[in-house]
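Below is one structure, written out as structure tokens; the observations come after it.
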Amino acid sequence: MKPYSKKYLTLALAGVLAASIPVSAFAGKPSPNQGAAKPATGTPGATTQAPTPGSATLGTGNPNNKGETQAQPGAEKPKDKQDPGNVDPNKEKKETPEEKKAREDKEAKEKKDKEEREKREEERRQRERLSLSNLKYDGKYLTGYTSSNADIYIKLANSRYGYGFYSSYERIGQAYSNGDIKISVNLKEGETYLVKAVDGRYESAEKEIKNDNYRNIKGTRVDATDLSASGSVLTGRVKGHAFDFITVYLDGEKLGTVRADKDGKFTLTLSKSINDSDLKDLRFYTDSKTVENKKFKVTEALDGQKVVKGTANTDDEITVYDANGNKISTTYVNNAGVFTAYLNRALINGETIKIEARDKDKNITKIEYKVTKNAVEEVKAIAYIKGYPDGTFKPQANVTRAEAAQMFATLLNGGANFGTSQATKFSDASNDWYSKAINYVVGMGLISGYPNGTFKPNESITRAEFAQMISGYVKKRAEFEQKLSSSFKNEKASTSDFKDVKDHWAKDAIDKLYGNKNVTGYPDGSFKPNAKITRAEAVTILNSVFNRNTNKSSLNNVNTSSLNKFSDVSEGFWAYYNILDAANSHNRERLNSTSEVDMWK
């Protein structure tokens, strides 16, 4: 045998070794161009070619599957063995009839909603284009601006009725071609209206308008007749308003004020000329609002007297006119609600006088009164002091500063409802039974505290301090009553001759009360200004200042058993009747202006 060469033997050995190595040892990642191996799709009846001896069959690498035929690269997977995970997710499931109807209804609703939104938006844009602005009413014309030739509609704001007798909106006119609005319309004073512009099927937003041109006028509107105008001169008559001040307006503009005569006739030169066509648009107001004043009445106006007395609200200004409209007195109501008007001439029996009460807001109350030969003045007198639980009055007991303030404030105010705070500016006088009264008299400047910020409410008040407090009120009352008539001297100029007040700090106050016969001294010629004032002395002085005069005859028509009496005050006590007067509310009357005695009823 021919020996094999070395090269031949090497190749043969390599073949043997390759045949003995498992196929899995040669399995590796496929090349980038090679697809993943898949099972081959078998054809019925087809046979698989047997492997060549010595060759390796590519498999899955599983030793148990060596005999299985391996799929060639790119071969398809059988359809009946397709992986469920590879199902197309976009393939729709077949709809049921119910699902189809729901989908169609939803799509229809979305379409309808979109159309409505677009319609509303178009209307909004159209309204913006159809503007309505600068709307005003001057009492005669409605003016403003809108789209060219737009129709103007109006209605009452809080009513289903229109401007006239039509329901809802009523057309009142049309804008000019440049969009300006000027329409004559008569809107009720104080009423609110809604206005809108309409152009075809489009409308502007609603605007409110109100006839409030006369909102700042406090007077009362009155009717005028017999009107005539000649340039700027206006004549006419306001029936039932004799001597009243009348103010004339046109379209909210004030043209002038005039006082009517005794027949209500007037002639006024206006601030500008007007035409006869303007007469129907004029408005007339009294100078002030006429209000009811239940306290206002005349209690005395006597033939031959130069005085008119009555009652009204505190601080009202009282003016008296005679039958010809001449002013004959002016005065003010005091804090007790009483006025005394001193006239510049004597009254005449049978004449009718007119009295006006004007409050701080310039509201006026008017009354007329016929002068008579005899008159009766009837006034309510309130109680302003009480006794003690044991039935005594303690007339000789001292009066504290708090008690003095309480009595004085009650008389000034006409009652104990002071309308003031419980908190005072004093460190020792707040939140107690007397606090409101102290605030009341301090507020009127009639009493003060001490430099250290205290009031000392429980300390006894001296006769000088009491006189000082009272004199302040007397002085203010006199100033009111002297405003018109210089001949009247309620605050009588007099100097006391008390031997112990010549150099006293309260001398002026004591002299003032002495001159008005409100105080007297002691038999020894002294006043004792630094002595503590007693309860009996206090009510006697207060009764005198407030013109309360009760004596034995005053009680002739009264059941005295029903009166507040005190076990320690007998009828023989010098201040007996003054104490009864102060401790009992009662109605009193006087037969005439010269009477000095109250008759209880």
Side-chain angles (χ1 to χ4, degrees), residues 334-336 384-385 393-412 424-429 434-435 437-479 490-548 574-575 578-579 582:
N334 66 24
N335 290 311
Y384 62 91
I385 194 171
F393 184 79
K394 297 182 173 53
Q396 303 298 345
N398 295 336
V399 176
T400 66
R401 287 169 55 82
E403 290 171 337
Q406 182 75 26
M407 289 190 291
F408 195 30
T410 301
L411 284 168
L412 292 172
T424 71
K425 66 180 182 179
F426 306 108
S427 61
D428 58 349
Y434 45 72
S435 299
I438 289 174
N439 269 337
Y440 187 85
V441 291
V442 168
M444 296 184 69
L446 301 176
I447 195 171
S448 59
Y450 293 90
N452 64 356
T454 63
F455 186 81
K456 301 181 181 178
N458 297 316
E459 191 170 293
S460 298
I461 191 169
T462 67
R463 286 168 57 84
E465 290 172 332
F466 196 79
Q468 183 70 26
M469 178 178 69
I470 300 298
S471 68
Y473 163 68
V474 172
K475 180 179 180 180
K476 288 185 177 183
R477 181 179 66 183
E479 289 172 351
N490 186 58
E491 183 190 342
K492 298 179 178 61
S494 180
T495 301
S496 68
D497 56 357
F498 300 125
K499 61 185 180 182
D500 53 353
V501 301
K502 182 177 180 180
D503 297 318
H504 197 277
W505 64 266
K507 182 180 187 305
D508 289 344
I510 295 169
D511 285 347
K512 193 174 297 178
L513 296 184
Y514 176 80
N516 282 280
K517 299 182 179 179
N518 299 135
V519 297
T520 58
Y522 292 92
D524 63 358
S526 66
F527 182 78
K528 297 182 173 53
N530 298 322
K532 308 300 184 183
I533 196 168
T534 67
R535 285 164 60 84
E537 290 172 336
V539 297
T540 300
I541 294 174
L542 289 173
N543 284 349
S544 174
V545 170
F546 288 91
N547 199 25
R548 296 169 62 138
W574 67 270
N578 276 313
I579 292 172

Less than 6.0 Å separating the ring centroids of Tyr440 and Tyr434?
no
Contacts of Glu403 meeting salt bridge (charged side-chain N to carboxylate O under 4.0 Å, His left out) (sequence neighbours excluded), chain-then-number -> none
Between Thr462 and Asn530, the two heavy atoms sitting closest are CG2-O, 3.7 Å
**Q.** Ion pair check, Lys507 and Asp503, cut-off under 4.0 Å
**A.** no
Would you check if the side chain of Asp428 reaches a backbone N or O of Thr454 as a donor-acceptor pair within less than 3.5 Å?
no
Donor-acceptor pair, side chain of Arg401 and main chain of Asn458, under 3.5 angstrom: no
With sequence neighbours left out, the residues meeting side-chain hydrogen bond (donor to acceptor under 3.5 Å, both in side chains) with Asp508 are none
Those residues at least two apart in sequence (or on a different chain) that pass ring-ring contact (aromatic ring centres under 6.0 Å, His included) with Phe498 are Tyr514, Phe527
Rounded to the nearest 0.5 angstrom, the CE-CD1 distance for Met407 and Ile541 is 10.0 Å
So salt bridge (charged side-chain N to carboxylate O under 4.0 Å, His left out) across residues 536-546, not counting sequence neighbours, yields Arg463-Glu537
So ring-ring contact (aromatic ring centres under 6.0 Å, His included) across residues 448-469, not counting sequence neighbours, yields Phe426-Phe455
Across all chains, not counting sequence neighbours, the salt bridge (charged side-chain N to carboxylate O under 4.0 Å, His left out) partners of Lys456 are none
Closer than 3.5 angstrom, by distance alone: can the side chain of Ser435 be matched with the main-chain N or O of Ala429 as a donor-acceptor pair?
yes
